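Residue indices begin at 1 and follow the sequence shown. For ligands, and for the atoms within them, numbers begin at 1 and follow the listed sequence. A quick note: this is a predicted structure, and the numbers were derived from the prediction, not measured. Worth knowing before you read on, the calculation uses all heavy atoms, side chains too, and leaves out hydrogens, waters and symmetry mates.
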Amino acid sequence: MDIQVKTDPEEISGLYRELNLLPGLSRADLGPVITSQYGGKYCNIYTEWTQQDLERNESIKFCRQYVVFHDDKSVVFSGPSGNCTEIKGELLSKDSPSGEMKAVVRECSVKGDDKQFLEVWSKNIKAKSIDLTALKKHGKVYGDDQLSCLFSCLVWSHSETHLLYVAERKRPKAQSFFQTESPESIGHEKEMDLKVEPKEKTKGEQFVFYEDWGEALVGKSCPVLCVLDIEGNNVSVLEGVPEDISPGQAFWAPGDTGLVFVGWRHEPFRLGLKSCPNRRSSLFYVDLTGGECEQLSSGGSAVCSPRLSPDQCRIVYLECGVFGPHMQCSRLCMYDWYTKKRSVVVDVVERPGEDGFTGLYSSQLSRHCWSADSQRVLVACPQRSRKDLLVVDVTTGRVSSLTAKDEHMSSWSLLDVERDLMVVCCSSPSRPPSLSVGFLPSKDTQEDVLWVPLEEAQSQTDIAWRVLTFRPPADQDNRQYPGLDFEGLLIQPKEVQEGLKLPLVVVPHGGPHSVAVAQWLLSPAVFCRMGFAVLLVNYRGSIGFGQDSILSLPGNVGSQDVQDVHFAVQSVLQDGLFDQQKVAVSGGSHGGFLACHLIGQYQGFYRACVAFNPVTNLASMVGSTDIPDCPECLPDAAVWEQMLSKSPIKHVTKVKTPVLLLLGEEDRRVPNQQGLEFYRALKALKVPVRLLWYPGNNHSLSKVDAESDAFMGVALWLVQHLLG
Ligand SMILES: CC(=O)N[C@@H](C)C(=O)N[C@@H](C)C(=O)O
């Protein structure tokens, strides 16, 4: 019997449009507690959401406020306190700790010139608007994009008199040896108050190459810490940070005596930071009076997300190994501000034990993560194929879950916590993101959190999903790391006509040290509504399953991960619910590497293949990616031979499956030459291949027109080759 998959492009784009309307939550900030004249307590929650406006071809940001009445232990009443407002031009914004003021870094165009302003709002007045561009103290301010966890910040001092942010270092004006300066231009510069001293103009430096921090951080090369003295209207660029360090994630030390920050080392050269929290970095303190800089954490590791406790006595931060897998199991470490002692609160979990805790896998703690008593820390992170909200007792190191009993088996993120009131976002493959609040139970109780939703979750009742566990067959067990299992998420239409066998789209994730958690995922949801089943595979090497699983993969890419994905597919097909003749594979980056491998190693099994910015030849990629992680990166024929032998291009002559390639013109992570190399090989072999090329897009192919076009391109490719 033929299946009733939706094949009409208009109907498919209609489904995409419908589900694409569901916004994502990007931020929630709890305001201070206010006591009303009748003694009732309440606080405001400021939230920011993102949504794609397909008509305007723009990703938009809007805010909505909520109010929560409570008695310090439970929520009495909560709800929205107004409608949504679109936010435009705000690069960063932050309320002061007392809630009295708000700081905004705004980008706008003045008489055709792009400018950045630092604004301070007080009550209903814009009290300051400082033209940072005109001041010329530094380059562009680092913004709060998806990579905010890396460098950027906008932080009020405890005294609320100063603001801290990160910007690109001002570069000296470069000049050619052959450029003669006319007296008029010198006069003009003076007039424009450019304040460029002759000695600042360096000759012969015009075309010097500046390393940057790679994919999605293009042009971000030398960040500097900047401080605005609000009263004095004075911006200063902080001295004292070592020259060979890029500072970020900064905050004010207790008593505002100095700044604490993460510093990433430049030597021997900068490597891409996005998705790579394993870059050598340490925690530093720079004293604001003497300018002295002190290293607080060990020198041989990678750290991130330092967070000061409410009693201002301790800092927790995440730490992991340098080099090796890009994402690993982290340690939760603590630095005591007064004794200057460092300790490990939660160590790396090699193999999960009886309690089910699989370790911490996070490159970003929530901005606030401490309990009010400064005794516990909240961490949201993958635990196998779910993102769980964990609470860690910093004295005992004991870890427990606040969300393990969730009947929907959703994935949870912590957006803010203040005086034990938590704001969380939860979602699952059948529930789009929704916002809830709840109080963290006190330390010695076993009580469960009572979560109160702030918005009704719009469940997609026609989508069913489950987590499957796979145990590799004996001949595919890893000798060094034996007995590891892995998982998959199977998402499918809830109602299936009797006797109907669904087509199956297999999706291995990228990374490879990443994970597909049971959260809201737009494309699988639309595919499901179209009538496809989708299998997301967390092969061995995925994060969330223990450090051993991660370590089992390096050296075995192209075999262990490929076999795991294929084994998962065969196991799922055994149930007889899916059509064996209608199986497709789709993946991006390392997921694209796996897709291209699978069609070569299992000739003809997969009837359609989709690869977004795939890695196709490790040997040719090593010289062009922003993450050439091999220690010295010097030519070595034996290493290149190994890389080639583990690459999909090695198997390309066996490929019969039609391939759709989607490439970003500006991808620094997996340069598009990788996809082009595969494309040309397939063309030469006369295998059907189509290439979609997205100018202005990097590795994530996330510009609105690219993402929507890519979705339609993939959907129609699957329809053509699975159902045609
Ligand atoms: C570390 C990293 O970025 N690796 C790429 C090859 C990759 O697979 N990226 C994943 C995370 C992606 O989905 O982009």
Side-chain angles (χ1 to χ4, degrees), residues 145-147 149-150 213-218 270-279 302 304 320-328 361-364 382 506-517 519 521-524 536-544 550 553-554 557-558 561-562 564-565 585-598 610-630 643 646-649 661-664 666-675 677-678 694 697-703 706-707 710 714:
D145 47 26
Q146 334 132 302
L147 294 173
C149 51
L150 289 174
W213 286 104
E215 171 65 20
L217 292 164
V218 172
R270 289 169 182 76
L271 282 167
L273 265 184
K274 187 187 174 184
S275 310
C276 303
N278 65 334
R279 303 298 178 220
C304 66
C320 72
V322 187
F323 296 119
H326 291 124
M327 269 297 275
Q328 310 179 25
Y361 305 87
S362 171
S363 52
Q364 189 182 19
V506 182
V507 185
H509 60 74
H513 307 293
S514 165
V515 67
V517 289
Q519 64 185 0
L521 299 158
L522 177 66
S523 295
L536 300 135
V537 187
N538 291 323
Y539 45 88
R540 283 171 290 173
S542 303
I543 58 169
I550 293 173
L553 188 54
V557 291
D561 44 5
V562 176
D564 279 0
V565 177
V585 61
S586 166
S589 203
H590 188 85
F593 169 92
L594 293 175
C596 295
H597 255 302
L598 285 158
V610 176
F612 301 82
N613 292 318
V615 176
T616 64
N617 182 346
L618 291 162
S620 63
M621 192 176 84
V622 72
S624 58
T625 172
D626 67 326
I627 52 169
D629 278 24
C630 41
M643 286 179 166
K646 291 176 190 300
S647 297
I649 199 81
L661 290 160
L662 304 99
L663 307 180
E666 288 165 23
D667 190 342
R668 292 271 302 272
R669 181 59 43 99
V670 182
N672 51 53
Q673 285 79 7
Q674 287 290 299
E677 198 174 322
F678 210 65
Y694 295 104
N697 276 265
N698 60 16
H699 192 54
S700 62
L701 297 179
S702 58
K703 293 229 165 133
E707 201 172 301
V714 173

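Under 4.0 Å from ligand 1, the heavy atoms of His699 that appear belong solely to its side chain. The proximity of Arg669 to ligand 1, defined as any non-hydrogen pair under 4.0 Å, is limited to the side chain.
Those atoms of ligand 1 with a heavy atom of His590 less than 4.0 angstrom away are 7 (C), 8 (O). Of all atoms in ligand 1, numbered sequentially from 1 with element shown, those under 4.0 Å from a heavy atom of His326 are 1 (C). Interface of Gly510 with ligand 1, defined as ligand atoms under 4.0 Å from a residue heavy atom, comprises 8 (O), 10 (C). Counting atoms of ligand 1 from 1 in the listed order, those under 4.0 Å from a heavy atom of Ser589 are 5 (C), 6 (C), 7 (C), 8 (O), 9 (N), 10 (C), 12 (C), 14 (O).
Residues in residues 611-624 take part in no salt bridge (charged side-chain N to carboxylate O under 4.0 Å, His left out) pair, two or more places apart or across chains.
For the pairing with Arg669, the side-chain contact (heavy atoms from CB on, under 4.5 Å) check across Val615, Ile627, Asn613 returns one residue only, Ile627.
The single protein non-hydrogen atom nearest to atom 11 (C) of ligand 1 is Gly511 N, 3.6 Å, given as residue, atom name and distance.
When only modelled atom types and interatomic distance are considered, Ser620 and Gln673 share no side-chain donor-acceptor pair under 3.5 Å. Under 3.5 Å, the side chains of Asn278 and His326 contain no donor-acceptor pair of N or O atoms.
Here Tyr539 and His509 bring their ring centres to under 6.0 angstrom of each other.
In this view, Phe593 and His590, His597 satisfy the ring pair (Phe, Tyr, Trp, His ring centres under 6.0 Å) rule, not counting sequence neighbours.
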